[in-house]
Amino acid sequence: MTVLFECEYRGRRYAGLGKPTPDEPITLYRVADGRLRDVFLRDGGPEAVAAAVTEGTETITVHPGDPELRYLPPLLPTTTGNSLITGFMGTHRSKFDRDPAPDEEFVPPNWLIKGFGSWLRMPGEPLTVPASPVALLEEPEVALVYVNDDEGTPHYAGYTFGNDLNDIGLHLRNPWGWTPYAKLCDTSLTPWLFLDAPPRTATGRIVIERDGAPAWEGPFSCGTDAIFHRVADMTDYVFSFPAMRRPGLVNYLLLGADKASYHAGFRIADGDRVTIEVLSHDVVLSNVIRYAEPVKTL
């Protein structure tokens with residue numbers, strides 16, 4: 001399976017293939033902003049993407065631990081308004097009391113806008129939440145990445161993994177009105193773009209550390225087999241709205257998560273480290289939780 005990533009190094013943008021390992025140098029290929037988006041609009045498959053990245057461009061070799069190396073969300077444009085993070089809610093089978101019928105009519109799950117793509121955080125960066133959250137919940141999810149062409153037609157690029165951190169306690173106090181507030185927490189994403197269809201299953205574990213020691217641990221499962229709805233129906237419905245088909249827009253679609261630490265009675269605190277290990281895909285996403293300082297506007 002081909003994995004693509006982008007990064008910044010000494011003020012310039014590069015792409016690479018494969019997931020770097022800690023002790024091996026990384027070969028990076030110089031790319032201009034938007035070049036990879038254009039590659040995905042051709043729908044040529046992983047081989048065409050790899051060729052477009054590696055052929056006829058400047059290369060450099062760096063150590064993965066170089067402090068000047070900064071990974072980027074997949075295909076993130078430099079223009080703030082040209083990317084959008086949105087997410088589905090209540091999608092997992094565990095939240096239903098039955099299995100869907102093969103010919104069941106599609107009923108769209110709840111959906112919301114998280115923010116601009118520039119709001120995404122990378123592994124190792126802190127996740128900031130409002131100053132006084134009620135009860136936080138980590139949500140390991142599959143994130144689908146789409147790029148819109150100049151006519152607004154969405155093209156699927158691949159998938160990655162994210163943590164849709166949110167204030168579930170606030171959501172539960174008023175599910176019909178306060179959910180958008182509850183979702184105003186930073187979202188983290190891995191930089192690795194898997195150039196393949198959405199995974200049927202992705203499994204792993206969540207580890208939450210407090211003061212450097214494990215405080216809670218539990219397994220998780222996500223992927224299309226874990227979702228009650230047909231993912232193609234979900235994405236077709238979202239892209240039926242013209243606002244999602246703005247020309248040039250990059251969309252990050254979070255497919256929803258199963259139950260996690262909150263449902264086991266654990267409560268995330270300021271300074272806790274949340275690590276999501278997607279063992280099936282050899283991916284780790286780790287971030288420290290930071291409470292924001294309260295502000296007064298009047």
Side-chain angles (χ1 to χ4, degrees), residues 1-21 24-86 114-125 143-162 187-196 239 243-253 283 285:
M1 184 185 305
T2 303
V3 177
L4 174 73
F5 66 89
E6 287 185 273
C7 58
E8 289 181 343
Y9 186 71
R10 296 182 177 176
R12 304 182 76 183
R13 190 164 180 144
Y14 294 89
L17 297 172
K19 295 193 301 294
T21 55
E24 296 183 8
I26 309 171
T27 299
L28 300 177
Y29 303 88
R30 179 84 170 97
V31 291
D33 180 33
R35 177 182 169 192
L36 293 183
R37 169 189 167 272
D38 294 339
V39 171
F40 284 103
L41 298 183
R42 304 171 195 161
D43 295 326
E47 294 80 9
V49 173
V53 168
T54 60
E55 292 177 359
T57 187
E58 170 194 343
T59 64
I60 61 171
T61 301
V62 301
H63 190 275
D66 193 314
E68 295 185 273
L69 180 65
R70 179 178 178 270
Y71 293 103
L72 300 171
L75 307 182
L76 180 70
T78 55
T79 304
T80 297
N82 280 357
S83 55
L84 195 63
I85 318 160
T86 67
K114 287 281 291 186
F116 295 121
S118 59
W119 296 7
L120 288 167
R121 297 293 174 257
M122 291 283 91
E125 296 179 344
L144 307 185
V145 182
Y146 285 82
V147 295
N148 293 352
D149 62 24
D150 292 340
E151 284 71 47
T153 302
H155 295 249
Y156 174 71
Y159 68 89
T160 187
F161 297 95
T187 300
S188 57
L189 210 66
T190 74
W192 324 124
L193 183 64
F194 292 80
L195 307 185
D196 202 357
F239 285 114
M244 293 291 289
R245 303 197 309 270
R246 285 179 49 202
L249 188 68
V250 175
N251 281 292
Y252 303 94
L253 301 184
V283 166
L285 180 59

**Item:** Greater than 12 external heavy atoms within 6.0 Å of Tyr156's OH
**Value:** yes

**Item:** Donor-acceptor contact present, side-chain Arg30 to main-chain Arg13, <3.5 Å
**Value:** yes

**Message:** Tell me if a side-chain donor or acceptor on Tyr14 pairs with a main-chain N or O of Thr59 at a distance below 3.5 Å.
**Reply:** no

**Item:** Straight-line distance of Leu72 CG to Glu8 CD, nearest 0.5 Å
**Value:** 4.5 Å

**Message:** Please report the interatomic distance CG(Leu28) to CD(Glu6), rounded to the nearest 0.5 Å.
**Reply:** 11.0 Å

**Message:** In the structure I gave you, are the side-chain heavy atoms of Ile60 and Arg12 within less than 4.5 Å of one another anywhere?
**Reply:** no

**Message:** Are the side chains of Thr57 and Val31 in contact, using a 4.5 Å heavy-atom criterion?
**Reply:** no

**Prompt:** Any side-chain heavy-atom pair from Ile26 and Phe5 closer than 4.5 angstrom?
**Reply:** yes

**Asked** When you measure from the side chain of Asn251 to the backbone N and O of Arg245, does any donor-acceptor pair fall under 3.5 Å?
**Response** no

**Contact summary for Pro46 and Thr2, nearest pair of heavy atoms** = CB-OG1, 3.7 Å

**Message:** Could you check whether any side-chain N or O of Thr190 sits under 3.5 Å from a backbone N or O of Leu285, counting only pairs where one atom can act as donor and the other as acceptor?
**Reply:** no

**Prompt:** Of the non-hydrogen atoms in Tyr252 and Pro74, which two are nearest, and what is the gap between them?
**Reply:** OH-O, 2.7 Å

**Message:** Minimum heavy-atom separation for Leu249 and Ala243, please, with both atom names.
**Reply:** CD2-O, 4.3 Å

**Complete:** When every non-hydrogen atom of Leu193 is compared with those of Gly158, the smallest separation belongs to CD1-C, 3.6 Å

**Request:** With the side chain counted from C-beta on, respond yes when Leu253 and Phe239 share a heavy-atom pair under 4.5 Å apart, and no when they do not.
**Result:** yes

**Message:** Can you tell me how far apart CG (Asp149) and CG (Asp38) are? Round to the nearest 0.5 Å.
**Reply:** 10.5 Å

**Asked** Taking C-beta and beyond as the side chain, do Glu68 and Val62 meet within less than 4.5 Å on heavy atoms?
**Response** no

**Prompt:** Would you say Asn82 and Arg246 make side-chain contact, with heavy atoms under 4.5 Å?
**Reply:** yes

**Request:** Can you label the angle between the Phe161 ring and the Phe194 ring as parallel, tilted or perpendicular, going by 30° and 60°?
**Result:** perpendicular

**Asked** So, the side chain of Arg37 versus the backbone of Asn148: is there a donor-acceptor pair under 3.5 Å, distance only?
**Response** yes

**Message:** Evaluate Leu76 against Val250 for side chain to side chain contact (heavy atoms under 4.5 Å, CB included), listing each step before the verdict.
**Reply:** CA-CA 7 Å; Leu76 180 70; Val250 175; over 6 Å; no

**Complete:** dist Leu189:CG -> Met122:CE (nearest 0.5 Å) comes out at 5.0 Å

**Prompt:** Would you say the side-chain atoms of Thr160 pair up with the backbone N or O of Trp192, donor to acceptor, closer than 3.5 Å?
**Reply:** yes

**Prompt:** Can you find a pair of side-chain heavy atoms, one from Phe40 and one from Leu195, that are under 4.5 Å apart?
**Reply:** yes

**For Tyr29 against Gly16, the heavy-atom pair lying closest together** = CD1-CA, 4.4 Å

**Message:** Counting C-beta onward and ignoring hydrogens, is there a side-chain heavy-atom pair between Leu4 and Val49 closer than 4.5 Å?
**Reply:** yes

**Message:** Determine whether a donor-acceptor pair (N or O, by modelled atom type, separation under 3.5 Å) exists between the side chain of Thr54 and the backbone of Ala50.
**Reply:** yes

**Message:** Ignoring hydrogens, what is the shortest heavy-atom contact between Ala48 and Val39? Give both atom names and the distance.
**Reply:** O-CG1, 4.4 Å

